[in-house]
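Counting starts at 1 for both ligands and their atoms, in listed order. Predicted model only: the values in this text are computed from it and were never measured.
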Amino acid sequence: DTDVWAFDGQVPGPEIRVRQGERLRVVLENRLTQDTSVHWHGIRLPHAMDGVPHLTQAPVKPGETFTYDFVCPDAGTFWYHPHARSFEQVGRGLYGALIVEEPSPPFVDREWVWVLDDWRLNANASLTEDFGNFFDMSHNGQVGNTVTINGRIPDRIGVRAGERIRLRLINVANARIFGPAFPGLRATVIAIDGQPVEPHLAADGKVVLGPGMRADVILDMSGRPGDSLSIVDGFYRQLPYKLVDLAYGAEAPLERPALGAVRLPANPLPEPDMARAERHDVVLGGGMMGGMMAATVDGKRVEMRAMMQQGLAWAINGVAAHGHTKMTPMLTLQQGQSHVLAIRNDTAWHHTMHPHGHSFRVLTREGQATSHREWQATILMAPRGRADIAFLADTPGDWMFHCHMLEHQDGGMMGIIRVT
Ligand code: C2O
Ligand code: CU
């Protein structure tokens, strides 16, 4: 057993389920000894409900409560987590799944929600308590030594031959990128970050999820009674590991006419008008081996060495953010206008960039058009990679834009996008 911080005494926190278009009302009561808040990751909601302390609401102090109350306009797989000292609060176990069901969900025999996390544990299973250390912050973020599905290290999960499973994957890890492969199964991705996508087989058979990302995957269990298969995650070439075994029971395969492909109905997202979109450059800089010499901190130019002494290592467009306060907008976007962010990762590390309040289409990666123009809320950027993303700025407010590798966020890789 590991001592954690938890919502309602459990890790993951309670799974919240609503129907698309329903109103969700959640009372947060802070029994921590530090400020907190709850952010509803990927949900398009009014600014005041977005859960960012100092930006969209006052921090919820120990002993205080705050009521979140909003409508969930998009069906899909979402999640929630604090937005205060996230590298510690999320890292200690504060997160949960938020599932918004389609009005008529596609037929499946079973649905699994897998909240994927990793932990850095001592031999006695206690947390190493080195949250926010400068080494993690300036390199990969905190990649742990123990991976869990829904807060446990599962050994095997039983399945039945012939059944169809909808697997909802949620990466809540501080910094680990997951890339599970499903050997022998046709793993069909039907949604990314909660948003429906043209059904397709995962590239290289791996469902790659940066921190904060989700995927809905259809698994048709095409093996025979008594078979088993290992789901292996080889995203990091030096660190492959077995996530879990799926074991077919002895029951006879389910008999029925072949099931068709699952295609989810589109969500009511505002389509960006590409003919009139404004283009903005977003350059990610810093980190070890990134060559960044200096950045602007609190309005002043600061050399990298001095930044490091303040616990900063990263910048967006040359600005390193220092906590959630005192940030000036990195971009000011006109409401009702379409925008392209041309994101360039000038660092030697992966990042998962997440703008709040809006989902976006991924138009290009490394200069090539994407095959599905997928909607996402969080984009995994390869080292030195590039991506163009587009969205219509429809909800006013000062919205966070940050790396979801939580140590990178704390180390300066965040900013504000103002929609006005
Ligand atoms: Cu999931 Cu700003 O966060
Ligand atoms: Cu990052």
Side-chain angles (χ1 to χ4, degrees), residues 12-13 36-45 47 49-57 77-87 89-91 94-98 115-117 132 136-143 170-177 193-194 209-214 282-290 292 295 312-316 320-321 323-324 327 343-360 376-385 387 397-417:
T36 195
S37 71
V38 177
H39 170 60
W40 310 91
H41 186 117
I43 301 282
R44 297 184 298 126
L45 40 58
H47 187 255
M49 293 292 117
D50 196 45
V52 181
H54 302 291
L55 190 65
T56 70
Q57 66 171 100
T77 304
F78 301 92
W79 66 295
Y80 60 93
H81 63 81
H83 219 285
R85 280 180 69 80
S86 310
F87 61 93
Q89 295 191 10
V90 178
L94 289 168
Y95 49 72
L98 168 51
V115 179
L116 301 174
D117 196 5
D136 286 346
M137 184 204 286
S138 55
H139 292 80
N140 238 351
Q142 196 215 56
V143 176
I170 309 176
N171 181 355
V172 305
N174 281 28
R176 178 183 286 267
I177 300 164
D193 281 356
L209 299 168
M213 292 185 62
R214 289 86 65 213
V282 174
V283 179
L284 313 177
M288 289 302 129
M289 296 165 288
M292 190 173 83
L312 295 173
W314 306 95
I316 304 178
H324 284 150
M327 281 188 286
I343 308 176
R344 199 175 85 216
N345 178 4
D346 271 0
T347 81
W349 306 91
H350 282 93
H351 302 287
T352 45
M353 302 310 297
H354 171 49
H356 285 207
H358 299 78
S359 289
F360 50 81
Q376 292 187 198
T378 315
I379 183 168
L380 178 61
M381 302 288 302
R384 311 279 172 202
D398 281 359
W399 298 101
M400 285 294 293
F401 174 71
H402 64 90
C403 182
H404 220 287
M405 294 182 163
L406 301 174
E407 290 76 21
H408 293 179
Q409 175 189 2
D410 191 61
M413 196 173 268
M414 69 181 153
I416 289 173
I417 296 180

(message) Testing Asn140, Ile177, Asp410, Val143 one by one against Met405 for a side-chain contact (heavy atoms from CB on, under 4.5 Å), which residue passes?
(response) Ile177
(message) Given Trp349, which partner from the list His139, Met413, Arg384 fulfils the side-chain contact (heavy atoms from CB on, under 4.5 Å) test?
(response)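 So the option named by the test is His139.
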(message) Side chains of Met213 and His404, heavy atoms from C-beta outward: is any pair under 4.5 Å?
(response) no
(request) With the Cu ion (ligand 2) as the reference point, give the N/O/S atom of His351 that is nearest. (result)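 So the atom name we want here is ND1.
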(request) Return the name of the atom in His408, of element N, O or S, nearest to the Cu ion (ligand 2). (result)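 Result for His408 and the Cu ion (ligand 2): ND1.
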(message) If you round to 10 degrees, what value do you get for the angle at atom 2 (Cu) of ligand 1 between His83 atom NE2 and His356 atom NE2?
(response)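 Output for this angle: 100°, rounded to tens.
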(request) Kindly confirm whether the Cu ion (ligand 2) is within less than 2.8 Å of some N/O/S atom in His350? (result) no
(message) Which atom name does His41 have for its N/O/S atom nearest to atom 1 (Cu) of ligand 1?
(response)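 Nearest to atom 1 (Cu) of ligand 1 within His41's N, O and S set: ND1.
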(message) I'd like to know if atom 2 (Cu) of ligand 1 has an N/O/S atom from His354 within less than 2.8 Å of it, counting both backbone and side-chain atoms.
(response) no
(message) For a distance under 2.8 Å, tell me if His39 has an N/O/S atom near atom 1 (Cu) of ligand 1.
(response) no
(message) When you measure from the side chain of Asn171 to the backbone of Gly212, do you find a donor-acceptor pair of N or O atoms at a distance under 3.5 Å?
(response) no
(request) May I have the step-by-step check of ring-ring contact (aromatic ring centres under 6.0 Å, His included) for His356 and His402, ending in yes or no? (result) CA-CA 9 Å; His356 285 207; His402 64 90; 5.4 Å; yes
(request) Hey, can you tell me if His81 and Trp79 have their rings parallel, tilted or perpendicular (30° and 60° cut-offs)? (result) tilted
(request) Report, rounded to 10°, the angle at atom 1 (Cu) of ligand 1 between the two atoms NE2 (His404) and NE2 (His81). (result)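 Output for this angle: 110°, rounded to tens.
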